[in-house]
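Reading through the structure tokens given below for one structure.
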Amino acid sequence: MSYLSTQNYKGARDYYPEDKRVQNYIFTTWRKVVESYGYEEYITPLLESYDIYAAKTGQEIVNEQTYSFTDRGGRPVVVRPEMTPGLARMVAARRQELAYPARLYSIANYMRYERPQKGREREFWQLNVDIFGVSTIDGDVEIIAMADQLMKAFRASEKMYTIKINSRKLINAVMADYLELDIMQSQLMIKLFDRKDKMTPEEFRDQAAAIFDTDKTEVGLKHIAKLVGAKTMQELPPSLLETSAIKEVQALFTLLRERGVHNAIFDITLMRGFDYYTDIVFEVFDTHPENNRAIFGGGRYDGLISLFGVEPLPTVGMAPGATMMEEFLRAHKLLPELRPATDAYIVVLGDTLAGAQKLAKRLRDEEVNVAIDITGRKLDKQIKAAVKMKIPFLIFVGEEELKAERYTLKYTENSAEHKFGFERLVATITDHRVKDTDI
RNA sequence: GCGGAUGUAGCUCAGUAGGUUAGAGCGCUGGAUUGUGGCUCCGGAGGCCGUGGGUUCGAGACCCAUCAUUCGCCCCA
């Protein structure tokens with residue numbers, strides 16, 4: 001007979017306790033930051049009707065990259081590949097009654113049928129943060145400032161990442177008025193801008209030239225050179241500096257600086273697909289030479305909930321993924337030493353299990369998380385098991401200890417050992433825990 | 001969907017030109033050590049050499065296919 005394979009499903013990951021601790025650390029940090037800005041958690045169902053995804057542009061993506069099936073009642077459904085449509089459905093359903101601005105977040109898993117590669121899995125976890133009902137730039141500022149705060153909450157320094165910002169409104173003006181491209185050409189040019197970092201300057205120039213009408217190529221290339229060469233907005237061609245889009249971007253940068261965001265830069269080649277974003281878009285980039293890529297991004301999408309037949313709502317959101325976040329933290333050595341939730345392991349000596357169980361219960365009543373060795377095996381085996389589980393404290397319980405009500409507490413990291421009465425035992429363990437998690 | 005790289009013990013890998021019972025380090029496990037892990041010493045388990053086919057007297061090595069992992073392209077809501 002052949003045995004079952006222990007291999008997990010392609011692109012999906014098992015989280016053993018040591019992996020899950022990392023994931024929990026990321027989730028906890030996210031939650032702490034967004035809740036500090038007054039965002040509240042929600043969740044939508046894992047399955048959605050096929051329609052709400054098909055309604056968005058890019059049906060090809062929906063058909064090829066979603067897990068979709070027909071349920072037993074003949075309804076076409078998809079496993080959510082992202083949060084936004086489900087969230088839009090939720091908000092649209094209570095369009096009139098929600099309190100605005102509505103600040104909402106969720107941490108959930110998603111599935112996309114794609115070829116897995118570095119930083120991309122078929123099942124992945126994301127934070128989604130959105131603010132509904134703010135049409136001014138202050139909404140964009142809040143989300144981007146929060147993105148910055150997320151990075152800082154992981155102890156990232158400003159040298160480790162940059163925040164690239166662009167404006168879809170500005171791009172549209174650039175394509176139509178400055179480069180004089182029609183809609184088809186604009187789309188091609190936007191795609192090309194998006195890929196700019198993946199090619200040599202020569203390749204970029206040649207491909208750009210191919211997009212222009214032949215009689216406009218020369219002028220067009222000159223204009224492109226000016227655009228791409230602009231490191232700040234001030235270096236942009238004067239005709240563009242007069243547009244309202246650019247003034248908005250300038251206001252955004254000023255406000256970000258006031259909020260303590262110092263590493264935001266303007267980047268006219270930043271695109272972020274071209275589905276539903278309508279104005280400001282941004283991306284947090286890793287500056288580490290070996291992980292030079294986008295960590296996450298977001299932007300403004302003002303039209304989405306009108307798909308559900310209700311009044312549109314201005315919306316800004318972002319969606320950091322756990323996979324990229326983890327890679328960033330590893331690349332910059334920012335992952336702290338993470339311990340299990342178990343504080344202590346009771347090593348049972350001789351025939352004292354009953355007494356040790358009583359002690360365990362008393363400790364649990366004091367909110368100490370304690371595991372007890374119930375195997376009756378030799379002492380060194382018990383210790384090894386606890387050390388392997390990375391449990392910080394050992395408590396030795398034998399005849400002597402039970403009689404005297406003084407227990408030997410051992411700190412596994414440095415082998416320090418003391419005899420304590422119950423109160424001191426609890427205090428020592430609890431104190432250590434507070435220090436350890438509050439690094 | 002397209003292209004490259006890689007699959008030998010739990011992990012990292014070695015395996016010469018195709019030649020007998022497939023190796024190392026680490027890890028695991030038992031003991032030295034019946035109230036103390038890491039160090040040391042002695043023992044032990046663990047391999048359909050990813051899978052299927054082919055070439056050959058003979059394949060872990062060569063060929064084909066396939067699956068998986070991984071990097072990149074496309075795409076990235």
Side-chain angles (χ1 to χ4, degrees), chain A residues 1-3 5-13 16 48 52-66 78-88 110-122 124 126 128 130 191 194-195 198-199 203 271-277 281 283 290-291 293-299 301 304 307 317-319 321 323-324 345-352 356 373 376-402 407-419:
Chain A
M1 73 172 274
S2 72
Y3 292 102
S5 169
T6 58
Q7 191 155 39
N8 40 11
Y9 175 69
K10 190 183 180 77
R13 232 183 113 177
Y16 288 86
E48 288 279 356
I52 77 164
Y53 289 96
K56 286 179 46 174
T57 51
Q59 287 85 346
E60 193 184 327
I61 289 166
V62 174
N63 289 331
E64 287 177 8
Q65 302 202 335
T66 56
V78 305
V79 178
R80 62 176 173 230
E82 59 164 330
M83 185 53 93
T84 309
L87 172 62
Y110 305 90
M111 295 197 79
R112 291 181 196 172
Y113 194 83
E114 291 184 285
R115 189 99 173 224
Q117 53 186 273
K118 195 174 165 67
R120 192 153 79 183
E121 296 161 298
R122 286 185 168 180
F124 57 97
Q126 275 189 351
N128 265 74
D130 297 271
K191 269 200 169 186
D194 200 23
R195 288 197 317 250
K198 290 182 179 174
M199 53 182 82
E203 285 171 330
M271 293 302 163
R272 288 199 59 72
F274 31 84
D275 267 35
Y276 50 49
Y277 289 112
V281 289
E283 240 167 39
E290 276 160 39
N291 196 43
R293 45 160 67 197
I295 307 166
F296 67 92
Y301 54 102
L304 199 58
L307 288 174
M318 63 175 169
T323 314
M324 291 302 301
Y345 192 84
I346 296 184
V347 175
V348 181
L349 307 164
D351 193 18
T352 57
D373 197 296
R377 62 191 153 172
K378 280 191 204 164
L379 177 54
D380 59 328
K381 304 298 172 207
Q382 298 190 35
I383 294 172
K384 274 189 181 175
V387 168
K388 199 179 225 179
M389 288 183 269
K390 295 202 167 113
I391 297 172
F393 288 104
L394 299 173
I395 301 170
F396 292 89
V397 176
E399 301 286 353
E400 269 175 52
E401 284 82 356
L402 288 175
Y407 311 94
T408 307
L409 181 69
K410 180 164 183 167
Y411 185 47
T412 53
E413 203 162 279
N414 61 8
S415 302
E417 217 174 291
H418 295 284
K419 285 219 165 190

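Residue numbering restarts at 1 for every chain, and letters A, B, ... go by the order of the sequence lines. Just the heavy atoms: all of them, side chains too, but no hydrogens, waters or symmetry mates, feed the values below.
Residues A:R120 and A:E114 have side chains in contact (heavy-atom distance under 4.5 Å, counting atoms from C-beta outward).
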Contacts under 3.5 Å, N or O only, protein and nucleotides 71-73 of chain B:
unit_1 : atom_1 : unit_2 : atom_2 : d
B:C71  : OP2    : A:K118 : N      : 3.0

Pull out every protein N or O sitting under 3.5 Å from an N or O of nucleotides 6-13 of chain B, one pair per line with the distance.
none

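If you take atom P in B:A45 and the same atom in B:G31, they sit 16 Å apart, rounded to whole Å. Here the separation of B:C67 from B:U51, taken at their P atoms, is 15 Å to the nearest Å. When the C1' atom is used for both B:U70 and B:C48, the distance is 25 Å, rounded to whole Å. Comparing the P positions of B:C62 and B:G18 gives an interatomic distance of 8 Å, to the nearest angstrom.
At a threshold of 4.0 angstrom between heavy atoms, the contacts of A:E401 include nucleobase atoms, whether or not backbone atoms are also involved. Using a 4.0 Å heavy-atom cutoff across all strands shown, A:K381 reaches sugar-phosphate atoms only and no base atom. When heavy atoms are screened at a 4.0 angstrom cut-off, A:Q382 is found touching no nucleic acid atom at all.
As rounded to whole Å, 15 Å separates atom C1' of B:G37 from atom NZ of A:K390. In this structure, A:H418 places its NE2 atom 15 Å from C1' of B:U36, rounding to the nearest Å. Per the geometry, CG belonging to A:D373 stands 14 Å off C1' belonging to B:G35, to the nearest Å. Remark: C1' of B:A77 and CG of A:D194 are 14 Å apart, rounded to the nearest angstrom. To the nearest angstrom, P of B:C76 lies 12 Å from OH of A:Y277. Residue A:K384 contributes atom NZ, which lies 7 Å from atom P of B:U29 at whole-angstrom precision. Atom NZ in A:K378 sits roughly 12 Å away from atom P in B:G37 (whole-Å rounding). Following rounding to the nearest Å, A:N8 (CG) and B:U69 (C1') show an atom-to-atom distance of 11 Å.
Counted by atom type alone, A:T412 and A:Y345 present zero donor-acceptor pairs between their side chains at under 3.5 Å.
The shortest distance between the side-chain N/O atoms of A:K10 and the OP1/OP2 oxygens of B:U69 is below 4.0 Å. Within the structure, every side-chain polar atom (N or O) of A:K388 is placed at least 4.0 Å from both OP1 and OP2 of B:G27.
Ionic pairing of A:E203 and A:K198 is not present here: no N-O contact between side-chain nitrogen and carboxylate oxygen is shorter than 4.0 angstrom. By the 4.0 Å N-to-carboxylate-O rule, A:E417 lies close enough to A:K410 to be salt-bridged with it.
Distance check: A:E401 CD to A:T352 OG1 gives 8.0 Å after rounding to the nearest 0.5 Å.
Between the A:R112 side chain and the A:Q65 main chain, no donor and acceptor come within less than 3.5 Å of each other. Judged purely by atom type and a 3.5 angstrom limit, A:E121 has no side-chain atom pairing as donor or acceptor with the backbone of A:T323. No donor-acceptor pair closer than 3.5 Å links the side chain of A:Y301 to the backbone N or O of A:T84. Judged purely by atom type and a 3.5 angstrom limit, A:Q126 has no side-chain atom pairing as donor or acceptor with the backbone of A:Y110.
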Stepwise side-chain contact (heavy atoms from CB on, under 4.5 Å) test for A:R13 and A:F124: CA-CA 9 Å; A:R13 232 183 113 177; A:F124 57 97; over 6 Å; no
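Comparing atom distances between the A:E400 side chain and each of B:A77, B:G35, B:U36 picks out B:G35 as nearest.
Taking the six-membered ring for Trp and the full ring otherwise, the centers of A:Y407 and A:F396 sit at least 6.0 Å from each other.
Looking at RNA chain B, the stems built from 3 or more consecutive Watson-Crick or G-U wobble pairs, each pair with its key distances under 3.5 Å, are B:1-7 with B:67-73, B:10-13 with B:23-26, B:28-32 with B:40-44, B:50-54 with B:62-66.
Under a cut-off of 6.0 angstrom, the local environment of OH in A:Y9 is crowded, with over 12 non-hydrogen atoms contributed by other residues, nucleotides or ligands.
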